[in-house]
Amino acid sequence: MNRWNRIIPAAFLMYTIAYIDRTNFSIAMPSLQKEFGLDSSMTGMAAGIFFIGYVLFQMPGGYLAQAWSAKRFIFWALLVWGVFATLCGFAQSYEQLLVCRFLLGVGEGGVWPATVVLLSNWFAPQERARANGFWVVCQPIAVILSSPLSGYLIDHYNWRVMFIVQGILPLFFAAVWWWAVEDRPEQAKWATEKSVAPQVIANANAGSRWDFLRYREVWLLVILDLAFACGAYGMLMWLPSTIRSLGLQNNLLIGLLSGFPYVFAVAGSIYNSRRSDRKNERRWHVAMPCMAAGIFLILGFLASVQLPVLGLLLICLTAAGIYAAIGPMWALMTEIVPKHSAGLSLGLINGAANLGGLAGPYLVGSLRDSSASFLPGFLFLGGSLITAGLFTLLLQKPKALSVR
């Protein structure tokens, strides 16, 4: 069987489930505010605390995937995060909700760099923008599918049922993952190609394990991804509440409108990833979508007050820009980071960057409390995306860094 038809779908479905278990919170936020008496800052903290647990296991997850097994690491992660995603539905207080959200982040921590390591073992450098782009389409697909489903479950049942129903999915999928995936082509009896390229990520035991900390590009990538995550997750978490502030109350309709921009995100991800591989160019395929997304986000919010249809269209272009950047961004990272410590490097980058997943939602909520408006928060999110684009242009071209 072709690796594109087995590894990519398995990774796609696995991370779709992971993304549902973190994005459903955005639809539940108004119900949680009402039940637990939360202000916007407290709600933003509950949304963002997931990323504290998530960050803690980025480097261990990346290292274990490289030195031990990406397949086995992700299998156990599926079981752990499935348990805590379900337990979110049983929280009886704000404090219990925070604990469950934090432990959900722990369960999902390391899955992203582990998957990047897995894909790098299966796909050559000239294929990785497409491989990463097809894989990360799972994120907008998860939003498209889960937003109306989450809204329906809340309208017809409650937020607890939503968390429980969606939390059991990874527990069932763990068996599918174990059957479908192997760490490398030579381990898979079904693989039609037993080797990919000599430039796959090297074994973690080669070279000095921690020398990646000396590389300027690694720290630029940390800042880049931190700014990117602030903008992307801030918009993701607060978009449903922003739509609600326009006067809508039906959760199913809010979910449908919240998911609509991510249809554009699918198209942006696939188109730009394929173009990046075809042109053999990464930096501008990351920088331009990031900066365009930041501008469209600010303009979209400003337009939504008087011209909601135009505002929604601009938010759609924002989502397209955000997801257009991700495939080439992670292809660029695997080409730049030191090969012998790639798992640790990618874990550091994604871990530190996902502090933006905490900062973005929290700062939008805090600015909303202090100003009684979403405008300052969305100016911050747009500026973060523009900053990510600018930092991309500070990176050296990968070819100049290929010899270490």
Side-chain angles (χ1 to χ4, degrees), residues 1-21 65-66 69-78 82 108 111-146 169-201 262-280 282 285 323-324 326-335 342-343 346:
M1 182 180 290
N2 188 286
R3 58 205 161 95
W4 292 92
N5 297 329
R6 184 138 173 172
I7 298 298
I8 294 296
F12 176 95
L13 290 172
M14 178 274 296
Y15 214 80
T16 297
I17 294 169
Y19 217 67
I20 287 174
D21 285 336
Q66 189 179 0
S69 168
K71 169 185 174 175
R72 287 167 174 78
F73 177 83
I74 293 172
F75 171 79
W76 288 106
L78 280 159
E108 289 189 19
V111 171
W112 181 282
T115 308
V116 173
V117 169
L118 178 73
L119 295 182
S120 297
N121 288 338
W122 278 91
F123 299 95
Q126 63 270 23
E127 302 171 319
R128 285 183 195 157
R130 281 172 292 161
N132 285 306
F134 292 152
W135 166 48
V136 300
V137 163
C138 67
Q139 295 183 346
I141 291 292
V143 179
I144 293 167
L145 295 177
S146 70
L169 289 176
L171 301 177
F172 287 104
F173 188 75
V176 178
W177 176 263
W178 187 265
W179 166 80
V181 172
E182 295 294 345
D183 284 299
R184 297 178 184 275
E186 57 269 22
Q187 297 171 346
K189 295 179 180 179
W190 48 264
T192 57
E193 299 156 291
K194 294 300 182 182
S195 64
V196 179
Q199 294 173 283
V200 293
I201 286 180
Y262 293 90
V263 176
F264 288 71
V266 172
S269 177
I270 293 174
Y271 171 77
N272 200 49
S273 297
R274 292 171 64 91
R275 189 175 189 278
S276 176
D277 275 349
R278 189 170 64 250
K279 298 290 186 180
N280 193 28
R282 305 297 189 214
H285 283 80
Y323 282 91
I326 295 178
M329 181 187 298
W330 281 90
L332 177 65
M333 290 179 186
T334 61
E335 294 166 9
L346 296 171

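In this text, all values refer to a predicted model and were calculated from it rather than measured experimentally. Residue indices begin at 1 and follow the sequence shown.
For the pair Ile8 and Phe134, the tightest heavy-atom approach, listed with the atom from each and the gap, is CG2-CB, 4.0 Å. For the residue pair Leu78 and Ala174, the shortest heavy atom distance occurs at CD1-CA, 3.7 Å. Asp183 approaches Lys71 most closely through the heavy-atom pair OD1-N, 3.0 Å. Closest approach of Asn121 to Arg184, counting heavy atoms only: OD1-NH1, 3.2 Å. The two atoms that bring Ala11 and Thr115 nearest to each other are CB-CG2, 4.1 Å, heavy atoms only. The two atoms that bring Ala188 and Trp122 nearest to each other are CB-CH2, 3.8 Å, heavy atoms only.
To the nearest 0.5 Å, the span separating CZ on Phe123 from CG on Leu118 amounts to 8.5 Å. Considering CG of Asp277 and NE2 of His285, their distance stands at 9.5 Å, rounded to 0.5 Å. The structure places CH2 of Trp179 at 4.5 Å from CZ of Arg6, a figure rounded to the nearest 0.5 Å. To the nearest 0.5 Å, atoms CZ (Arg130) and CG (Leu119) are separated by 13.0 Å.
Aromatic ring orientation, Trp112 versus Trp135: tilted (interplanar angle from 30° to 60°).
Applying the side chain to side chain contact (heavy atoms under 4.5 Å, CB included) rule to Ser273 yields the partners Ser269, Pro328; only residues at least two apart in sequence or on another chain are considered. Residues meeting the ring pair (Phe, Tyr, Trp, His ring centres under 6.0 Å) test with Phe75, sequence neighbours left out: Trp178. For Leu13, the side chain to side chain contact (heavy atoms under 4.5 Å, CB included) criterion is met by Phe173, not counting sequence neighbours.
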Dump the intermediate steps for side chain to side chain contact (heavy atoms under 4.5 Å, CB included) on Met14 and Val181, then the final yes or no.
CA-CA 11 Å; Met14 178 274 296; Val181 172; over 6 Å; no
Verdict with supporting geometry, Tyr19 and Ile141, side chain to side chain contact (heavy atoms under 4.5 Å, CB included):
CA-CA 9 Å; Tyr19 217 67; Ile141 291 292; over 6 Å; no
How far apart are the C-alpha atoms of Phe12 and Val137, what are their side-chain angles, what is the distance that settles it, and do they pass the side chain to side chain contact (heavy atoms under 4.5 Å, CB included) test?
CA-CA 8 Å; Phe12 176 95; Val137 163; 3.9 Å; yes
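Aromatic ring centres of Trp177 and Trp76 lie farther apart than the 6.0 Å criterion allows.
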